[in-house]
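Contents: one structure, followed by commentary.
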There are 2 protein chains.
Amino acid sequence: MDQRQALAAFGALSQETRLHIIRMLVVSGPDGMAAGSIAEKAEVSPSNVSFHLKELERSGLIAQQRESRSIIYTANYEALGGLIRFLMEDCCGGNAEICAPAAAVAACCAPATKEELQ
Amino acid sequence: MDQRQALAAFGALSQETRLHIIRMLVVSGPDGMAAGSIAEKAEVSPSNVSFHLKELERSGLIAQQRESRSIIYTANYEALGGLIRFLMEDCCGGNAEICAPAAAVAACCAPATKEELQ
DNA sequence: TCAACGATTCAAGGATTATTGAAATATGGA
DNA sequence: TCCATATTTCAATAATCCTTGAATCGTTGA
């Protein structure tokens with residue numbers, strides 16, 4: 001993830017509706033959610049959700065694929081991981097004082113990485 | 001860090017000049033930088049840097065303190081760590097697939113946390 | 001083919017954010 | 001006190017972003 005992408009991603013996440021959408025899509029996993037379901041759960045109009053989904057897609061944080069009449073949106077896990085990484089490495093310069101609390105979180109939410117630490 | 005703060009922080013980081021400023025302040029550490037030096041290094045006008053510094057302060061990512069004629073700005077490490085944490089926990093739901101790469105980064109940039117893993 | 005469904009696009013308006021230069025404020029030294 | 005320095009504030013403008021509702025597009029089933 002380069003700076004251009006990071007700027008776009010930060011902009012995408014700086015809006016309440018979009019942050020809400022991202023959360024829902026992360027939870028729904030690879031199955032994703034149809035635009036209509038997203039609109040319903042987020043309690044916004046179809047055209048409004050479409051606007052925000054386009055914005056999120058432009059930033060690379062989500063992807064879409066048509067399935068029959070519906071358009072299914074899924075979170076881009078790689079991009080989200082890349083953004084966290086950007087924030088730690090590029091933005092915060094890998095500063096231990098900043099990254100330490102984050103590392104603690106990472107340790108408990110991603111046990112698979114314990115092996116990577118050896 | 002609650003959602004309100006996170007939204008403000010993402011907004012603050014979504015602007016090129018402000019991202020640049022945060023990077024410089026993280027590097028300069030507790031000593032911080034005077035507004036004038038920031039303006040000079042970032043190559044923006046005094047009034048423009050003042051606008052962006054106010055925005056960054058409003059988001060809680062930096063703090064200011066007057067020192068004689070200068071006003072010194074410093075990065076708020078706690079807030080930056082909190083933002084990374086928010087991104088991992090609240091936004092990405094602690095999803096292992098997303099947090100794993102970040103954990104790897106954390107492991108190498110913040111060796112002090114290895115103890116916390118035991 | 002036609003109607004219905006799921007979704008996007010478009011245009012208009014309002015709201016927020018960014019930039020600029022001039023004026024104002026605060027501090028310290030002559 | 002007066003001047004220079006460091007910075008902010010203000011007003012005006014430009015640019016971007018958000019919301020809304022109507023119109024449009026693609027897909028499916030009757």
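All figures in this text were calculated on a predicted structure; none of them were measured in a lab. The sequence lines fix the lettering, A, B, ..., with proteins before strands; numbering per chain opens at 1.
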Tell me, please, which residues at least two apart from R58(A) pass salt bridge (charged side-chain N to carboxylate O under 4.0 Å, His left out).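 In terms of salt bridge (charged side-chain N to carboxylate O under 4.0 Å, His left out), with neighbours along the sequence ignored, R58(A) is linked to E55(A).
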Contacts of type salt bridge (charged side-chain N to carboxylate O under 4.0 Å, His left out), residue R85(A), not counting sequence neighbours: E89(A)
Spacing between [X] atom [atom1] and [N] atom [atom2], to the nearest angstrom:
X      : N       : atom1 : atom2 : value
L7(B)  : dC17(D) : CG    : C1'   : 15 Å
Q64(A) : dG26(D) : CD    : C1'   : 13 Å
I71(B) : dA26(C) : CD1   : P     : 11 Å
I72(A) : dA7(C)  : CD1   : C1'   : 11 Å
Q65(B) : dT7(D)  : CD    : C1'   : 15 Å
L53(A) : dG6(C)  : CG    : P     : 16 Å

Does Y73(B) place a side-chain N or O at less than 4.0 Å from the phosphate oxygens OP1/OP2 of dT8(D)? yes
At 4.0 Å (heavy atoms only), tell me whether S50(A) reaches a base, stays on the sugar-phosphate, or touches nothing.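 Base, at least one base atom sits under 4.0 Å.
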If the condition is side-chain contact (heavy atoms from CB on, under 4.5 Å), which residues does S47(B) pass it with, not counting sequence neighbours? S45(B)
Taking distance alone, no hydrogens or angles, what donor-acceptor pairs closer than 3.5 Å link side-chain atoms of residues 11-19 of chain B to residues at least two apart or in another chain?
unit_1, atom_1, unit_2, atom_2, d
S14(B), OG, G11(B), O, 2.8
Q15(B), OE1, T17(B), N, 2.8
Q15(B), OE1, R18(B), N, 3.2
R18(B), NE, A12(B), O, 2.8
R18(B), NH1, H52(B), ND1, 3.2
R18(B), NH2, G11(B), O, 3.2

Please determine which of I71(A), T74(A), L56(A) meets the side chain to side chain contact (heavy atoms under 4.5 Å, CB included) test together with Q64(A). I71(A)
Measuring from [X]:[atom1] to [Y]:[atom2], what's the distance to the nearest 0.5 Å?
X      : Y      : atom1 : atom2 : value
F86(B) : Q5(B)  : CZ    : CD    : 10.0 Å
L53(B) : Y73(B) : CG    : OH    : 5.0 Å
S59(B) : R4(B)  : OG    : CZ    : 11.0 Å
I98(A) : L83(B) : CD1   : CG    : 10.5 Å

Only counting residues at least two apart or in another chain, list the ones meeting side chain to side chain donor-acceptor pair (under 3.5 Å) with E57(A).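 E57(A) satisfies side chain to side chain donor-acceptor pair (under 3.5 Å) with no residue once adjacent residues are dropped.
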Which residues in residues 19-36 of chain A have a heavy atom closer than 4.0 Å to any atom of DNA chain D? none
Between the protein and nucleotides 28-30 of chain D, are there any N/O to N/O pairs under 3.5 Å, and if so, what are the atom names and distances?
unit_1, atom_1, unit_2, atom_2, d
dT28(D), O4', R69(A), NE, 3.4

Base, backbone or nothing for each nucleotide of nucleotides 12-25 of chain C, written B, S, -, heavy atoms under 4.0 angstrom, 5' to 3'? ------BBBBB---
Does any pair with a residue in residues 67-78 of chain B pass salt bridge (charged side-chain N to carboxylate O under 4.0 Å, His left out), and if so which ones, sequence neighbours excluded? none
Can you give me the bend angle of the helix from dG14(C)-dC17(D) to dA30(C)-dT1(D)? Use the axis through the first five pairs and the one through the last five, nearest 10 degrees.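 Answer for the end axes of this duplex: 20°.
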Can you confirm whether L87(A) sits close enough to F10(A) that some side-chain heavy atom of one is under 4.5 Å from a side-chain heavy atom of the other?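 Result yes, sub-4.5 Å side-chain heavy-atom pair found.
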Less than 3.5 Å apart, which donor and acceptor atoms pair up between the side chains of residues 24-44 of chain A and the rest of the protein, not counting sequence neighbours?
unit_1, atom_1, unit_2, atom_2, d
S28(A), OG, M24(A), O, 3.4
S28(A), OG, L25(A), O, 3.1

